[in-house]
Amino acid sequence: MTCVKDGIARPSYFPRVSRSQGTYAMGFVMMMAVHSLATTVLMGIGLVAVLGAGLVDGYVFLAVIALAFVAALPVTWIVLRMLGGAVAIRDEGAAPLRRP
């Protein structure tokens, strides 16, 4: 599959999607990126707190990791709601897309 832009044919690494599919696909990518960052931050905070308390045990570390993963879900939701329409996808020659 190739993509022609500015008269130059280049390989297209991403399949074509409709406007609505593109909007939600980008939303999913953004959600995963924010969730991974939030999980990492919460995991670091939790592990520093656990090590500071002197609880050096593998099960405690696994519990902190699991808790950070679950606690990052509402954090992700809040951050994405705050971003709102700040992230828009531009189709070639079209206006930015926004979710209702």
Side-chain angles (χ1 to χ4, degrees):
M1 181 182 292
T2 60
C3 175
V4 177
K5 187 173 182 181
D6 300 329
I8 301 171
R10 296 185 182 103
S12 176
Y13 299 105
F14 302 103
R16 290 190 179 271
V17 294
S18 69
R19 290 175 63 91
S20 63
Q21 287 174 340
T23 302
Y24 291 111
M26 185 62 186
F28 179 75
V29 170
M30 183 65 100
M31 181 196 72
M32 294 306 292
V34 170
H35 187 263
S36 66
L37 289 172
T39 302
T40 304
V41 169
L42 292 173
M43 198 180 316
I45 292 169
L47 288 176
V48 167
V50 164
L51 289 173
L55 300 172
V56 183
D57 188 17
Y59 293 114
V60 174
F61 291 163
L62 291 176
V64 167
I65 292 169
L67 186 62
F69 184 82
V70 172
L73 292 172
V75 171
T76 301
W77 184 77
I78 291 169
V79 168
L80 290 177
R81 294 287 291 180
M82 290 173 67
L83 285 176
V87 179
I89 300 172
R90 210 172 260 283
D91 199 7
E92 293 182 20
L97 296 174
R98 299 194 190 279
R99 289 190 198 163

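Counting from 1, the numbers follow the sequence of the chain as shown.
- With rounding to the nearest 0.5 Å, the separation of CG in L67 from OG1 in T39 is 11.0 Å.
- Minimum heavy-atom separation, I65 to M43: CG1-SD, 3.8 Å.
- The hydrophobic clustering, which links ILVMFWY residues whose side-chain heavy atoms are closer than 4.5 Å, places V64 and V56 together.
- For F61, the ring-ring contact (aromatic ring centres under 6.0 Å, His included) criterion is met by no residue, not counting sequence neighbours.
- L62 and L47 end up in different hydrophobic clusters when Ile, Leu, Val, Met, Phe, Trp and Tyr side chains are linked at under 4.5 Å.
- Looking at every heavy atom in both residues, A38 comes nearest to V75 through CB-CG1, 3.9 Å.
- Checking T40, T76, L80 one by one against H35, the side chain to side chain contact (heavy atoms under 4.5 Å, CB included) holds for a single residue, T76.
- A continuous path of hydrophobic side-chain contacts links L42 to V79 [ILVMFWY only; heavy atoms under 4.5 Å].
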